[in-house]
Trainee: 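Structure provided below as structure tokens; questions to follow.
Here, residue 1 is the first one in the sequence, and each next residue gets the next number.
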Amino acid sequence: MGMRKSFWCLLIGLLAGSMLPARGQRQEMLLNDNWQFRFSHQVEKGSARRVDLPHTWNAQDALAGKLDYKRGIGNYEKRLWVKEEWRGKRLFLRFEGANSVADVFINGCHIGQHRGGYGAFVFEITDKVDYGAGNALLVRVNNAETLEVMPLVGDFNFYGGIYRDVHLIVTEPLCISLTDYASSGVRLVQDSVSRSYASGRAVVRLSNGSGKERHALLRLRLLDGNREACRGERGVVLPAEGAVVQEVAFELEAPRLWNGTQDPFLYRAEVSLWADGKKLDEVVQPLGLRWFRIDPDRGFFLNGEHLPLHGVCRHQDREGIGNALRREHHEEDAALMVEMGVNAVRLAHYPQAEYFYELMDSLGIIVWAEIPFVGPGGYADEGFVDLPAFRENGKEQLRELIRQHGNHPSICLWGIFNELSMRGDSPVPYLRELNDLAHAEDPGRLTVAASNTDGELNFVTDAMGWNRYDGWYGGTPASLGKWLDRMHAAHPELCIAVSEYGAGASIYHQQDTLVKPLPVSWWHPENWQTHYHVENWREMAARPFVWGTFVWNMFDFGAAHRHEGDRPGINDKGLVTFDRKVRKDAFYFYKANWNKKEPVLRLAERRCVRRTRSVQSFRAFTNLPEAELFVNGKSCGIRKADGLCVVEWGGIRLRPGENHVRVTGTKKQKHIEDQYTCFYEE
């Protein structure tokens with residue numbers, strides 16, 4: 001409870017004065033309530049039902065393991081009242097995410113289409129609406145399979161619907177642009193950063209919706225709390241019905257750095273547009289000053305200091321609601337990551353909610369952000385088809401990702417593919433195009449990819465990760481160490497990470513012997529997942545050239561085609577259950593290793609309440625120096641924790657019937673213990 005309370009206190013302090021891109025004369029209204037929803041085949045009158053956003057129509061069928069869950073067109077309709085007083089202003093609709101092709105109509109007229117399920121998009125509706133009246137807003141969302149939109153395949157559900165927020169934004173005719181790939185219109189470029197000095201630029205796209213040329217003033221303020229740390233401004237001329245890009249420079253002496261989880265400090269960048277002494281528009285963005293690099297021998301460095309990245313991967317869905325997450329769901333996920341001691345996250349396999357990037361900024365967690373260029377993994381079909389429309393769509397999604405999220409200091413890596421194959425058309429020429437595009441859009445960050453195969457595709461990006469499942473789909477954890485050594489020796493120039501590693505586990509599947517299960521079976525015992533993670537972490541932690549490790553996955557997630565574990569439709573490799581209610585044993589193993597701020601002492605296998613052997617071994621995970629085990633009130637001895645924060649006691653005999661197991665330890669004169677009861681039947 002103490003850890004959870006401290007997380008919320010930290011978060012409230014860090015997010016005080018939330019950096020929403022809406023200030024000045026700009027008005028922003030949430031349009032989430034009271035939509036009428038029906039499928040496109042439901043053409044009879046009265047077939048629609050009320051829904052509120054965020055919404056997906058696949059929360060039940062996909063999560064029940066229905067392979068042919070509904071993939072088609074859903075219609076969302078709403079009456080949009082446009083005030084008469086807004087005449088002369090500009091109106092925009094901003095969708096934070098709709099999967100995967102969205103067509104928007106106002107009063108029956110088509111105003112635009114967006115192709116891609118994970119990025120935001122904006123349409124201007126100034127000249128499309130009736131003022132002082134209700135307007136018919138229709139959004140037709142299609143999650144059907146298509147070869148023209150990424151992703152083509154994936155080991156996750158392609159939930160359909162408007163699953164993120166929708167906003168109506170009202171601005172003056174002169175404004176900071178909303179239509180540059182739905183970005184904030186402000187790009188914060190860090191030209192030079194050190195502990196003694198920082199310089200950079202706010203690159204701002206301005207838009208004039210009026211029929212006259214206008215003169216204006218562009219102003220930048222950098223705030224450290226309530227203190228103004230820097231200010232700059234310059235005059236601009238905006239052509240009639242046109243747009244310009246203007247820059248305002250900034251300099252800081254002895255800047256306070258964004259330093260990961262140690263000190264995730266954020267300046268507040270206020271960019272405003274003025275004319276005739278009146279503030280017309282303002283956008284606020286986070287500015288976290290930092291620099292980083294990856295060394296192929298020594299790993300990841302942040303602000304000149306070595307920082308081993310202890311990471312997880314995260315999908316954006318959960319039990320009962322699919323991908324229609326609200327802010328409290330993102331906050332709960334972030335809190336669990338903080339509790340475990342995570343300092344890096346791979347947001348797989350697509351751009352995720354803007355709010356989650358804000359949380360990562362505020363908590364100091366390094367982010368690997370990626371586009372949904374996903375290959376088949378161990379399944380059929382391909383993730384790449386050499387079609388002009390597909391290639392262009394991937395580039396558009398990459399531009400969206402970088403422009404929408406490029407100001408987040410937590411993002412250090414742009415990911416451009418996951419588990420592509422080399423069968424058929426080679427994706428390599430296209431990968432080079434994507435890699436060049438990422439560098440052109442953002443020269444200050446590194447590109448990365450996740451691979452599970454050999455070939456030329458592994459030598460395109462600045463850094464690489466490999467998805468390895470040694471000890472689950474084949475091999476043993478020791479084979480991971482041997483593979484890493486061979487790869488590092490053969491390609492010493494490569495910056496190598498383990499982008500995925502994991503094993504399935506059901507909290508309802510318990511055994512008191514260590515037997516490896518079949519991954520595709522209905523039996524996924526938790527103790528094998530625990531063993532897998534202990535031994536895999538042993539191999540990776542011993543190799544400092546591995547710049548990052550990312551557990552697959554932080555949370556169980558939906559995958560309708562999976563029929564394994566304790567139920568269909570779930571990938572159960574998470575360290576936390578799909579509903580976020582239960583932390584699995586492996587969670588506590590990593591917490592003991594990664595969270596040095598909180599004392600950890602946790603008995604493993606506490607859910608294995610029925611024991612079949614009279615002689616047992618017991619294990620605890622702890623960041624304390626030592627611990628003592630008691631079984632039925634009798635001490636089994638004090639044992640020191642090993643280098644992986646594991647304490648073990650072997651040869652412990654149980655009595656028939658109920659047995660009480662308790663472990664104790666002390667840190668700074670504070671007594672800590674954990675206990676449970678198990679049963680042995682002769």
Side-chain angles (χ1 to χ4, degrees), residues 260-261 293-302 305-313 340-346 366 368 448 450-452 458 463-503 514 516 527-552 554 573 575 585-596 600 602 604 619-626 639-648:
T261 58
R293 66 184 177 91
I294 301 177
D295 184 275
D297 290 315
R298 301 171 59 202
F300 187 87
F301 286 76
L302 177 65
E305 301 292 331
H306 183 236
L307 179 66
L309 297 186
H310 303 152
V312 295
C313 300
M340 200 173 82
V342 166
N343 68 4
V345 61
R346 179 182 173 213
I366 303 291
W368 167 340
V448 69
S451 179
N452 67 340
N458 297 329
M464 275 301 298
W466 272 267
N467 299 343
R468 302 285 305 187
Y469 291 89
D470 303 81
W472 181 244
Y473 290 124
T476 67
S479 62
L480 171 61
K482 294 175 183 177
W483 181 89
L484 288 169
D485 290 339
R486 286 197 304 271
M487 180 61 73
H488 185 52
H491 301 285
E493 78 283 2
L494 277 182
C495 299
I496 298 171
V498 178
S499 41
E500 294 180 19
Y501 68 105
L514 191 63
K516 180 182 177 182
N527 72 338
W528 184 264
Q529 183 196 56
T530 308
H531 168 76
Y532 170 97
H533 279 288
V534 171
E535 296 307 317
N536 272 264
W537 180 244
R538 188 186 307 278
E539 299 296 327
M540 291 180 290
R543 290 165 171 82
F545 63 84
V546 178
W547 62 262
T549 60
F550 299 85
V551 175
W552 190 265
M554 183 67 192
K573 294 187 183 69
L575 303 178
D585 283 352
F587 175 97
Y588 291 99
F589 166 70
Y590 287 114
K591 182 177 179 179
N593 278 273
W594 296 350
N595 184 345
K596 302 306 181 184
V600 179
R602 175 77 175 190
R619 170 184 283 190
F621 305 129
T622 186
N623 53 18
L624 309 180
E626 59 188 24
R639 300 285 186 273
K640 293 188 179 298
D642 67 12
L644 297 184
C645 300
V646 178
V647 187
E648 294 188 274

Trainee: Return the minimal non-hydrogen interatomic distance between L644 and V534, and the atom names on each side.
Mentor: CD1-O, 3.7 Å
Trainee: Mind checking whether W472 and W552 have side chains closer than 4.5 Å, heavy atoms only?
Mentor: no
Trainee: Per the side chain to side chain donor-acceptor pair (under 3.5 Å) rule, what does the pair list look like for residues 475-484, sequence neighbours excluded?
Mentor: D470-S479
Trainee: Indicate the atoms forming the closest heavy-atom contact of A586 with H533, along with that distance.
Mentor: CB-CD2, 3.9 Å
Trainee: Report yes or no: does N623 contribute a side-chain atom to a donor-acceptor pair with the main-chain N or O of V600 at less than 3.5 Å?
Mentor: yes
Trainee: Can you measure from CG (N536) to NE2 (H531) and round to the nearest 0.5 angstrom?
Mentor: 8.5 Å
Trainee: I need the E493 CD to D297 CG distance, nearest 0.5 Å.
Mentor: 10.5 Å
Trainee: For a 4.5 angstrom cut-off between non-hydrogen side-chain atoms, does H488 reach L484?
Mentor: no
Trainee: Is it true that F550 and W368 have ring centroids separated by less than 6.0 Å?
Mentor: yes
Trainee: Does some side-chain heavy atom of F589 sit less than 4.5 Å from a side-chain heavy atom of L575?
Mentor: no
Trainee: Measure from NZ or CZ of R468 to the centre of the six-membered ring of Y501, then state whether that distance is under 6.0 Å and the direction lies within 45° of the axis.
Mentor: no
Trainee: Quick one, E305 with L307, criterion side chain to side chain contact (heavy atoms under 4.5 Å, CB included). Give me CA distance, side-chain angles, the key distance, then yes/no.
Mentor: CA-CA 6 Å; E305 301 292 331; L307 179 66; over 6 Å; no
Trainee: Testing the basics here: between V312 and M340, what is the closest heavy-atom pair and its distance to 0.1 Å?
Mentor: CG1-CE, 3.7 Å
Trainee: Look only at the side chain of W547 and the backbone of I294, and say whether a donor-acceptor pair between them is shorter than 3.5 Å.
Mentor: no
Trainee: Decide yes or no on side chain to side chain contact (heavy atoms under 4.5 Å, CB included) for R346 and M554, but give the supporting numbers first.
Mentor: CA-CA 10 Å; R346 179 182 173 213; M554 183 67 192; over 6 Å; no
Trainee: Just wondering, more than 12 heavy atoms not from K596 lying within 6.0 Å of its NZ?
Mentor: yes
Trainee: With rounding to the nearest 0.5 Å, note down the distance linking OG1 in T530 to CZ in F621.
Mentor: 5.5 Å
Trainee: May I have the step-by-step check of side chain to side chain contact (heavy atoms under 4.5 Å, CB included) for R619 and V646, ending in yes or no?
Mentor: CA-CA 7 Å; R619 170 184 283 190; V646 178; 3.9 Å; yes
Trainee: Please report the shortest heavy-atom distance between C645 and A592, naming the atom on each side.
Mentor: SG-O, 3.4 Å
Trainee: Heavy atoms only: give me the nearest R298-H306 pair and the separation to one decimal.
Mentor: O-NE2, 2.8 Å
Trainee: Compare all side-chain heavy atoms of N343 with those of I366 and state whether any distance is below 4.5 angstrom.
Mentor: no
Trainee: Flag the pair F545 / D485 as yes when at least one side-chain heavy-atom distance between them is below 4.5 Å, and no otherwise.
Mentor: yes
Trainee: With side-chain hydrogen bond (donor to acceptor under 3.5 Å, both in side chains) as the test, pick out the partner of S499 among N467, T549, N452.
Mentor: N467
Trainee: Are any non-hydrogen side-chain atoms of N527 and L514 less than 4.5 angstrom apart?
Mentor: yes
Trainee: Verify the ring-centre separation between Y590 and H310: is it less than 6.0 angstrom?
Mentor: no
Trainee: For the OG atom of S451 and the CE atom of M464, what is their distance to the nearest 0.5 Å?
Mentor: 4.5 Å
Trainee: For V448 versus G465, what's the shortest heavy-atom pair and its separation?
Mentor: CG2-N, 4.5 Å
Trainee: Would you say the side-chain atoms of Y469 pair up with the backbone N or O of A503, donor to acceptor, closer than 3.5 Å?
Mentor: no
